[in-house]
Every structure is written in structure tokens, then in C-alpha cells.
> 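Sharing a structure here in C-alpha cells format.
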Amino acid sequence: MEIKSIGNLKSIRYEEAGKFEETRFEKIHNVLVPNSREGSIRVAKEIYELIIDKQLNNEECVLGLATGSSPIKVYEELVRMHKEEGLSFVNVVTFNLDEYYPMTKGNIQSYYYFMHEHLFNHVDILPENIHIPDGTVSNDELHEYCIDYEKAIEEKGGIDLQLLGIGRTGHIGFNEPGSHYNSETRSIILDYITKVDAAPSFLGIDNVPRKAITMGIRTVRKAKRIILMAWGQNKASIIKKTIEEDISSKVPASYLQQHNNTTFILDIEAASDLTRINTPWLVGPCVWDEKLINKAIIWLCEKTGKSILKLIDEDYNDNGMSSLLADKGSSYDLNIKMFNKVQHTITGWPGGKPNADDTSRPERATPAVKRVLIFSPHPDDDVISMGGTFDRLVEQGHEVHVAYQTSGNIAVSNYEALKFVEVTKSMSAKNDMDLINKIVNDIKSEKENEVDSFEVRRLKGIIRQCESLGATRYLGVSDSNVHFLNLPFYETGSIKKNPLGEEDVKIMCNIIKEIKPHQIYAAGDLADPHGTHKVSLDALFEALKILKPEPFMNDCWLWLYRGAWQEWDINEIDMAVPMSPDQVLKKRKAIFFHQSQKDGVMFQGSDIREFWMRAEDRNTKTAQKYNELGLADYEAMEAFVRWYF
Ligand code: F6R
């Protein structure tokens, strides 16, 4: 079953963003597309046309190619065009941007492997026309090898079209910050952030090679046409720097400002920090709907360092918001309206306050006791992201269920697993010993980058289940209300997951039908680097679509939490649940039950803090921001967005 992605959850959507023209802030031509799929098809079409054009003139078509996640769908589309539309690659010559060093061709992490897997093995390109920097050349020969690579490009008349992705460091190819404008093909030391980003596919940062061979900035600049693709929120900040700030060796992609035939293809998340998208009132006239007004006033408070009720007309006028005053009245009226709106998001009663007037509360007062279903993509997201709210819901007498969507088994290290299985071994009866010995042997004999055996994965899943039960018991939930869904899409044993399938959605439907919840909480946290949260949310949305006609769904509200990787912006929040200092500690203890994820996890990301620290920091910051806006001074706050389906 093919399941469409939900698109983005940002407050500005593609259709709205499309209304804004490229602006004086932007120094590189860019095109916004609704999603990476449409963007990739557009890029593939341009390549198609170039190849055909060259064929008609009996010429070779020289392509500069990139690896990574960004171009995957372009290659998929080119393969489709070859198979279904007869596009031939016989006149195509390719030069890849880069390769890890040292790196064998057979290694599944090599770019050699990547390119053959995604493109070359499926089209009729001539093997002699494929050029990928060779990660096996000896150190002594490396310098000469790079000069020859450069010459080979020249001999083919230069690159006609260069495809690029962009790293969070601003690298293109592996030209990391500090790369010179005139650099050519060479070896380079990888930046720490680049290694962090590559760590999941190498199963840990220590396995990522230190070096790479890369085409230089000058090599890329000489291409006749350049297309850079960026997808997803993780790229938003570097895209803004590249497109809007001055050229700097600190952001090597910014050198492209001086190339006269470059286009950036961006999805709305990657473009979301551009001035025209993020703060359109600084750019020109805009349509002041409620969402934009909220965003602009919160922004204005941050900009001026004032609380909402202290803003004056002059602040609005001086910061590009005079048209808002003209449209909607005085700053006094706007301030009061905004202040009330933010104040009404705050509640200590996330399940609704019984017998209270609920007209301006985020949740309904009735039914007083609600059935609540918390979906947690991994076995610890519930307590990390909403441990305080979870605690309140239980204490306030609601029937709280938790459903852990995936086993989370790949995030348990072999050290942890060995510890548990050896404890079990020392306590086990004779008849269990075969299985236990097998697991011990599997772990001890496992090679680097090898997928765990089924039994080891099961053990790791059980470790995480037991940790979750520790936390839910601590919060007062009975074991019968804790559900482990083990969605099949996750069970590959590796970082790359299966696409969402019918079975996943069926399992989600069943649990919702069984509980008939008045409230569902789910992770809307799309910056999760491995995409598990996003797929888990897609699974929920698909299930909700199917269940919508059921009468019980009329009473079901969906609240999205964040927190493990990022937090909602203040202007997006519909419900903010304050926590006392004691509740903050209680939440921290609940997170501590997830011992296999403590003290440095397998997939750390670029934030080196433990999850409880990140969560506490985000919750404290949300409370501080509310206070800075002129609202009460709380210790911490968890934030939710209501999602209408
Ligand atoms: C790949 C390359 C890199 C990537 C960049 C983005 O050949 O040279 O510059 O394009 O790291 O990677 P993804 O696309 O995985 O986000």
C-alpha cells in the first residue's frame, strides 16, 4: 500500500509560501516545491532534457553527481525514465563529487556502492564513462590522483550539469568550512557535524572515516549549470545562511552566489528560515491572517525585548508591521487580544477541568474522566516529551493508556544487551540455555556494521519494554494499559526502515478502536534524524483517516507533542502545561528508567546532552519565553499543538 507523507507541520504551508516572490534578501535563485518527490521529478526532467538535447547533437552529456539522501529520488526517477520511457545513458559521462577515504568499493557505506545501487546498475551507462573518486588509492598516490581527476573532467569539456546536496555545515561535496574559493579536487578532513550526520549509517561516529576525497569549490563552480537540492527542516538554517548572508568560507555553499546559472530546489521545510517565509512582513505587503499575526507579535516581542502588553505603535511601525496596524487597529487592541490568546493556552488540566467553564480553555470539561491514548514512537518519547502532562493526566483520574509504536531495539548497544543476557544466564534453568548461549555468541561474534540476529533484536526490544514498564509503573499506570505495538516498518535491524505498510496501519487502527480515546497524544517531532517519528505519525494519520466515520471519533481530539529533538514555536502552541519544580524532578526520574538510553546513546545526534537534559532545557525555555511575554513565571512547561483531522 502506498501511503502519502503528511507534508509539513510548519505554520506556513507551501501554498501560502508560494505567494511570496523571491526577495532582495536572496542572493541565489531558488524554487520552492511542495515536497521532495515533486522537486526530484522536476530535477530529473531537466537532466532528461539535457541528455536528449546532447543526443540530438551527437554530444556527450557530462553530469556531476552527488550522493546522500537528497538526490535519491532523482535517481529513482531517472531509472524509471530509462525503464519506462526509453531514456538512454549511452552518451552520459558522470563524475561524482566525492568519496570517503580510505574506502573500499565493496563497502556498503561507499559512494561507489551507493551510486551503483541507486543508478548505475539500473541504466545503460557505459562503465568507462563512470568516474567516482577512488577511496583505495594509496596515500602516496593521492595528490597525483586528484590532479588526474580534475584533468579528466577538463578533457570531457567540463561538467554540463552539477547536482548538489548541502551539508548542515554548508559543505558542498565534502568542501567543509574553510575551503578555498579556488580549491580543486583534493583530500579533506571531515567536519565534526558531518561525521555526526554520517554516524547512523556507520553505526556510530567512531566508525565514520576521518577523511574524504572531494572535488573542489572551483571544480564545482566551473560547471555550466548547478542544481542544489535541500529537503527538510534540518537544512533550514544553513539554507538561509547560504542564500541570504554574505559569501564566506565558513559556509562554502555561499560561494554559489557568484555562479550565474545556479538554482536551489527547496521544499517548504528547508526554505522555512528564509526571510520571505519566516518573517514576510519584513519583505513587503502580506495577508494578515490569525496565524501570521500571532507569529509576528511573538517575533516582535523577541526583537524588542518587550512583553506583549508593553508593545507600542512605534514598535509595530519600526519593524515592518505598520500594515498590521492599518488592517487591524491599534497596538493596544492587538496586544490585549494576543495576550489573552497566549494566556488561554496555559492549563494545569490537560484532560480538561471538570465542572469549570471551558469556553477559553484548551480542553473540554466533559467527560470529566477521559480515556487518553498516548502514542510514543520509541519506548521513551512519552516521558521525555510529555512526562509532566502524563503524570497530571494520571493524577487527575483519567484512564491513561500508552502505546509504544516501535520496539526501539536498534538503539540498544551490544554492551547493554550482553549485560542483560549474562545476568539472565547466571540465573537460568538448564532448558533455556541454548537460546541464551546463542544470544551471547551472536553478540560476541558480531562484526562491525553487521545487523543483529533476530534473537538479539528480540532481547534488545524486551530490554526497552521492561524499561518502559518501569517508567509507566512509576507514573501509576497499570501494566494492562501499556501496549507494545512493535510496528513492522521498524523491524529491519538497521537504520533504514521499511516503508509504512498496511499491517502498520491496521495495528494502529486496532488499538484506537479498542480504547476509543477522547484524547490522543502523538509525537509531531519531525526533526528526528532517522525518520521514525515521522513514519509513526504518518501511520497515525492514515489510521485516523480510516476511522474518521466511526461515531466515537467525533469525541476524539488529537494533541501533538514535541521535545525529544525540537520544540514547538510559541506562536504555534495551543496548550501549555506548567510543571512545578517537583514535577520536573518526577519527570526526570521517569526518564531515568530508560537506562539503556542514558549516559550517551548509540545515535546521539549533534546535541551531546542526555535526553533528560534536553527535555528539561526545552521545558524551562518554554516557561521562560511565556514569562518574557508577560505571563506567569513557571518552572517549566510542556507544549502541545491541537491537530484537526
Ligand atoms: C554527497 C555530498 C554531500 C551531500 C551533503 C548532504 O556526495 O557531497 O555534500 O550532498 O552532505 O547530504 P544529504 O543529502 O544526505 O543531506
Side-chain angles (χ1 to χ4, degrees), residues 36-37 39-40 43 63-76 94-101 103 109-120 130-135 149 159 161-179 183 185-202 208-209 211-217 219-221 223 226-239 241-242 251-256 262 264-267 269-271 495-496 526-531 534 605-606:
S36 59
R37 167 126 212 94
S40 302
V43 174
L63 300 178
L65 297 180
T67 55
S69 59
S70 309
I72 288 180
K73 292 196 188 98
V74 174
Y75 298 146
E76 245 172 59
T94 63
F95 287 91
N96 261 82
L97 278 165
D98 43 17
E99 177 61 282
Y100 291 109
Y101 184 80
M103 180 56 73
Q109 308 309 337
S110 73
Y111 286 170
Y112 181 93
Y113 186 91
F114 176 102
M115 287 310 301
H116 285 79
E117 180 80 359
H118 289 281
L119 183 65
F120 299 145
I130 297 172
H131 304 84
I132 303 172
D134 185 351
Y149 199 77
I159 290 170
L161 188 153
Q162 176 67 56
L163 275 191
L164 295 175
I166 182 168
R168 285 193 302 137
T169 57
H171 72 212
I172 44 176
F174 274 138
N175 291 285
E176 297 290 14
S179 293
S183 54
T185 304
R186 68 203 186 287
S187 69
I188 189 162
I189 304 280
L190 295 178
D191 189 278
Y192 176 71
I193 295 182
T194 301
K195 288 173 73 180
V196 165
D197 286 347
S201 35
F202 282 92
V208 181
K211 284 173 135 187
I213 305 173
T214 181
M215 280 186 195
I217 296 290
T219 330
V220 171
R221 276 198 301 113
I226 296 176
I227 300 178
L228 184 147
M229 291 166 287
W231 320 128
Q233 189 137 30
N234 277 339
K235 301 286 170 74
S237 142
I238 197 66
I239 283 294
K241 285 188 189 146
T242 304
V251 180
S254 66
Y255 289 130
L256 297 174
T262 290
F264 281 20
I265 310 274
L266 310 171
D267 68 4
E269 283 101 346
I495 305 286
K496 192 163 184 285
L526 304 183
D528 157 31
H530 305 159
K534 172 136 180 13
S606 53

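Only a predicted model underlies this, so the values are computations on that prediction, with no experimental measurement involved. We count residues from 1, following the sequence as given. Every number for a ligand or one of its atoms is a count from 1 in the order of the listing.
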> Please could you name the atoms of ligand 1 that Gly68 approaches to less than 4.0 Å, counting only its heavy atoms?
14 (O), 15 (O)
> For ligand 1, which atoms, with element, lie under 4.0 Å from some heavy atom of Ala66?
7 (O)
> Select the closest option to atom 9 (O) of ligand 1 among Pro133, Ala212, Gly173, judged by heavy-atom distance.
Gly173
> Starting from atom 10 (O) of ligand 1, find the nearest protein heavy-atom neighbour and note its residue, name and distance.
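Sorting protein heavy atoms by distance from atom 10 (O) of ligand 1 puts Gly165 CA, 3.3 Å first.
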> Do the two ring centres, one from Tyr100 and one from Phe202, sit under 6.0 Å apart?
yes
> Return the set of residues passing side chain to side chain contact (heavy atoms under 4.5 Å, CB included) with Ser237 (not counting sequence neighbours), or none when no residue passes.
Lys241, Asp273
> Give the contacting part of Thr67 toward ligand 1: side chain, backbone, both or neither, where contact means a heavy-atom distance below 4.0 Å.
both
> What do the steps show when you test Phe120 against Leu65 for side chain to side chain contact (heavy atoms under 4.5 Å, CB included), and what is the final call?
CA-CA 12 Å; Phe120 299 145; Leu65 297 180; 4.0 Å; yes
> Between Ile166 and ligand 1, which part of the residue brings a heavy atom under 4.0 Å of the ligand: side chain, backbone, both or neither?
backbone
> Looking only at protein heavy atoms, which one is nearest to atom 2 (C) of ligand 1, and how far off is it?
Asp98 OD2, 3.2 Å
> Scan side-chain atoms only and decide if Thr262 and Arg221 contain a donor-acceptor pair under the 3.5 Å cut-off.
no
> Go through it in stages, so that I can follow the logic: the residues are Ile217 and Ile172, the test is side chain to side chain contact (heavy atoms under 4.5 Å, CB included), and I'd like the CA-CA distance, side-chain angles, deciding distance and then a yes or no.
CA-CA 8 Å; Ile217 296 290; Ile172 44 176; 3.9 Å; yes
> Hydrogens and angles aside, do His131 and Thr94 bring a side-chain donor and acceptor to less than 3.5 Å of each other?
no
> Identify the protein heavy atom lying closest to atom 15 (O) of ligand 1, giving its residue, its atom name and the separation to 0.1 Å.
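Here the closest protein heavy atom is Ser69 N, 2.7 Å.
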> Does Leu97, backbone or side chain, put an N or O under 3.5 Å from an N or O of ligand 1?
no
> Out of Lys235, His171, Glu99, Met215, who is nearest to atom 4 (C) of ligand 1 when you count heavy atoms only?
His171
> Under the 3.5 angstrom rule, does the side chain of Thr194 hit a backbone N or O of Leu190 as a donor-acceptor pair?
no
> For Phe114 and His118, take the angle between the two ring planes, folded into 0 to 90°, and tell me which bin it lands in: parallel under 30, tilted 30 to 60, perpendicular over 60.
tilted
> Considering only the protein, which heavy-atom contact is closest to atom 14 (O) of ligand 1, and what is its distance?
Ser70 OG, 2.5 Å
